[in-house]
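Data first, discussion second: the structure below is written as structure tokens.
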Amino acid sequence: MRLSRYFLPTSKEIPSEATIPSHQLMLRAGMIAQAGSGIYTWLPLGLRVLKKIEEIVRQEQNRFGAQEVLMPTIQPMDLWKESGRYGCYGEELLAFTDRHNREMCYSPTNEEMITDVFRRYVKSYKDLPISLYQIQWKFRDEIRPRFGVMRGREFLMKDNYSFDLDKESAIRSYQNMYQCYLRTFNRMGLVAIPVKADPGAIGGNMSQEFNIIAETGENELYYHKDIETMRTQSLDSIDLEKLQGLYAASGEMHDPATCPIHEKNLVVKRGIEVGHIFYFGTKYTRSLNALVNGPDGSLVPAEMGSYGIGVSRLVAAAIEANFDDRGIIWPESIAPYKVGLILAKSKDGVAIKLANDIYAQLQENNIEVLYDDRNASTGYKFADMDLIGLPWQVIVGKNAASGYVELKNRKSGELYQIHSEELLGKL
Ligand code: ATP
Ligand code: MG
């Protein structure tokens, strides 16, 4: 993409309504535009990141045996009356009536709706286990929407629901998603710490949250220092059993009186909740009468779990974990483009020719490139490129005549002088 034609409204000013780095940077980098309280339009650059995160989530869900569905965003309230959550989910539920005076709501979560699908089609234990997920917009009328897409009212969530015959296999489904989540966040270049969590409005008895460590996180986390060490390891070398056995809790789930770890091994940090897994048994299958035939012929309610990932929140959380005073530093797997190509001498014919050639070559080799071909000052271009945080910058300027360019790593700041012919190999 040529920047001269790209819709990228960047800005130097720190927007006064934004108090945390990710919100400021997403506005300044032209990723989102506010449409209303807690509601955002995703602009081209922001949408590319959202789609990359969505795709990693999808691939990992599929890898771990889940099947994608797509449920509507609007639900009939009858289902909520059946499940017993009507009236007790609270003000976060956006409810309204249609022209025929039927009560409806905008989905804040979909346990009822998926259980309704399940009960209509699944009749036998032979069809179990089943794991269905969707990546769909949700609406929660948050009392205090803030921090941009971090706590929006409309937000994109991956929600998965598992159905099993008995508790034992339901726990296996839960463990399967646990591992899936570690892999999912790891692929995004993020380390999410699993902690014991409060099951909240969904209810249930087993629940863990995945948190990304960041000073601006809303959760207070308490965990064993060995988890801190694991945070820096690659996923393959993490001992999953050890990880699950170590103490980690969020907020009120932490009780100093019963905390099993010695003070000197306890780490207290703030975190952003990016995922949440629940096992809640038959809470919804009982109330909605979702029964299957067991091996002995008796009718039993299926055992359920639900598993959320905050896809749109992750865009902001990834920034909170990766930025400096010049802007965003994208992990490569979720970066909107891999390379920012900067034409540093926009009036020099030789430099223009070389930059154009490199642009064509990168495109031919399917390397995602954003080409700053604008007729603007070099300082302005550098500032914009650092702000939007693409992992690699290729600068074509002073040594263009001899075919040399500069390759800069956004994260480390390292700068290499290389010949344009070596560029492809290096990238
Ligand atoms: P929180 O405690 O942050 O309100 P929650 O426990 O209500 O989260 P879940 O119901 O578990 O959230 O939803 C699954 C995931 O959706 C969360 O882990 C989070 O990443 C994301 N999420 C929840 N609420 C919002 C929101 N208002 N804006 C953006 N993402 C959200
Ligand atoms: Mg909430």
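Ligands are counted one by one from 1 in listed order, and the atoms in each one are counted from 1 as well.
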Near E142, which atoms of ligand 1 are under 4.0 Å from a heavy atom of that residue? 24 (N), 26 (C), 27 (N)

Examine S312 against ligand 1 and note whether any of their N/O atoms are separated by less than 3.5 Å. no

Please list, in number order, the atoms of ligand 1 under 4.0 Å from a heavy atom of V149. 29 (C)

Is the CZ atom of R120 crowded by more than 12 outside heavy atoms at less than 6.0 Å? yes

With distance as the sole test, does S162 use its side chain to make a donor-acceptor pair with the main-chain N or O of M304 at under 3.5 Å? no

State, yes or no, whether a side-chain contact exists between V149 and E154 at a heavy-atom distance under 4.5 Å. no

Please report the C-alpha distance between Q175 and S173 in whole Å, then the side-chain angles of each, then the deciding distance to 0.1 Å, and finally whether the side-chain hydrogen bond (donor to acceptor under 3.5 Å, both in side chains) criterion is met. CA-CA 5 Å; Q175 301 291 6; S173 295; over 6 Å; no

Can you sort out which atoms of ligand 1 are near V274, meaning under 4.0 Å from one of its heavy atoms? 18 (O), 20 (O)

Identify which of R151, K138, M150, E273 has a heavy atom lying nearest to atom 4 (O) of ligand 1. R151

On the six-membered ring of Y86, is K81 placed so that its NZ or CZ lies under 6.0 angstrom from the centre and within 45° of the ring axis? yes

Less than 4.0 Å is my threshold; does some heavy atom of G152 fall inside it relative to ligand 1? yes

Could you tell me the separation between the CD1 atom of I14 and the CG atom of L27, rounded to the nearest 0.5 Å? 11.5 Å

Where ligand 1 meets R140 - atom numbers and elements under 4.0 angstrom, heavy-atom basis: 5 (P), 7 (O), 9 (P), 10 (O), 12 (O), 13 (O), 23 (C), 24 (N)

